[in-house]
Structures are given as C-alpha cells and as structure tokens.
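The structure under discussion appears below in the form of structure tokens.
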Amino acid sequence: MRINEIFHSIQGEGKLAGVPSAFVRTAGCNLRCVWCDSPETSWNPVGRELSVAQIIEQVRGFPTRHAVVTGGEPMIATGIEALTRGLRDAGFHVTIETAATVFKEVHCDLASISPKLANSTPPVAQAGDWSKRHDARRIEIDVIRRFMSFADHQLKFVISSPDDLAEVDELLDRVGGVDLSNVLLMPEGVTAAALESRGRWLAELCIRRGMRYCPRLHIDLFGHTPGT
Ligand code: SF4
C-alpha cells in the first residue's frame, strides 16, 4: 500500500477527540478539495510502498490501542480491507476516516464519514478538469448509507459559512434516518485564527440545531504540522 505517513498523536476531531491514537495516512485521493489540509495525499501525492504486515508492525510500536486509518481517501488504497482486518485482529479499535464516495468491505469500530459540501469544489482556474470531476464525485448517498450501517459512526461536515447549513440539511434529508447526535459540524481552517473566526457562530448554530461542534484540537495544540 502507498502510505504517506504513520505517526502517533492525539485524535483531534470527532467523537474520540483527545484520544492518543496511531495514524496511518494513505497516499492518493479521488477528490481535490480546494481547502484540502493534506495536499501531499491528494493534489501532489507522495508516499512509500509498505506491506500490510510492515504497517501493522509500526502501529504496534506505539503505546495505544486506537488506530486511525485516514488519507487521502483510504477507500481507494489497494489492500485497505486486509489492513483494517489486520489492525482489528491485532486488538486495535479502528477508526476509518473517509469522504464516503467509494465503499469497500472494511473492518472498523468507528466510521468517520465526511461528505464534502460544495464549499470544497476547487475553481476551474486552479484545478482545470478536476473542478468538474470533484463536483461530480463528492456526494454518493448510497455509499454514505452503507458506512452509516456501522454500529458507531459520525457524519462530519466542514463548514466555511453559515450558508453551508442549507446543503447539510438537504443532504441529511436525502440520506434519511440520521440521528443528529452523530452529526458534527467542524469549522474550516488550518490556523488557530481561521478556526476562531468561524468557531463562535458555528457553535451557536450547533446549539440551535442540536448538532455537535467538532473542534480541531491538533491545530490548536500543534499548528498545521505533519505528524500531528
Ligand atoms: S477528500 Fe480529504 S484528502 Fe481528499 S482532497 Fe478532500 S480533504 Fe483532501
């Protein structure tokens, strides 16, 4: 599998925010978000080939039982099924972080589903053909539903402006059967200042809507730094 990085840090986002975890970041993505915070896995992917056994051996070296498989888009990584099964067999609690545009029979304890809203589409001037391709691929309702069939899941949306909530509402309607306690709204930004500028109004929206506010603890604590 092509792996961008393997590291030990705290989970910065979602239901398990604050939990020390081993992260496996796959290289490669089928989307091109304009605000992508890991362009080295999407716009300019870099990585090295590692076997499933080599990855699990590295993960076992960290003092944690929590493993997070992220990307890029881990669902397009060859061998993702074997990796997630191997991590589970080794006793790890496995979180999968995915944009939910492609489904594979993975093994996980928490499906962290992050459908990409229209605010993610890059302009043609920046992305050329990728602009249309990204927009056509970014929402797959049936794939979202399949990931939601995992007992524990969360739907995490990156929010740039209050207007994005109309699209969230429409998407939740289309998916159907969503428990709002599993819906997390996360401010877009990779600096503490950007998160702060969006955090206040987004927290107020969460309070009004009964959705969860999703911090980005790793940005607050370490800045936007690889390996954190
Ligand atoms: S889905 Fe994730 S990795 Fe892919 S372009 Fe969007 S933010 Fe980047």
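Every number for a ligand or one of its atoms is a count from 1 in the order of the listing.
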Around atom [atom1] of [X], are there more than 12 heavy atoms of other residues, nucleotides or ligands at under 6.0 Å?
| X | atom1 | result |
| --- | --- | --- |
| Asp89 | CG | yes |
| Glu196 | CD | no |
| Glu204 | CD | yes |

Query raised in the report: For ligand 1, which atoms have a heavy atom of Lys116 less than 4.0 angstrom away?
Result: 1 (S), 6 (Fe)

**Report entry** Lys/Arg N to Asp/Glu carboxylate O, Arg85 vs Glu105, below 4.0 Å
**Finding:** no

Query raised in the report: Going hydrophobic residue to hydrophobic residue with side-chain gaps under 4.5 angstrom, can you get from Leu16 over to Leu155?
Result: no

Query raised in the report: With a cut-off of 2.8 Å, which protein N/O/S atoms are close to atom 8 (Fe) of ligand 1, if we only count those under it?
Result: Cys36 SG

Query raised in the report: Would you say the side-chain atoms of His8 and Thr64 include a donor-acceptor pair closer than 3.5 Å?
Result: no

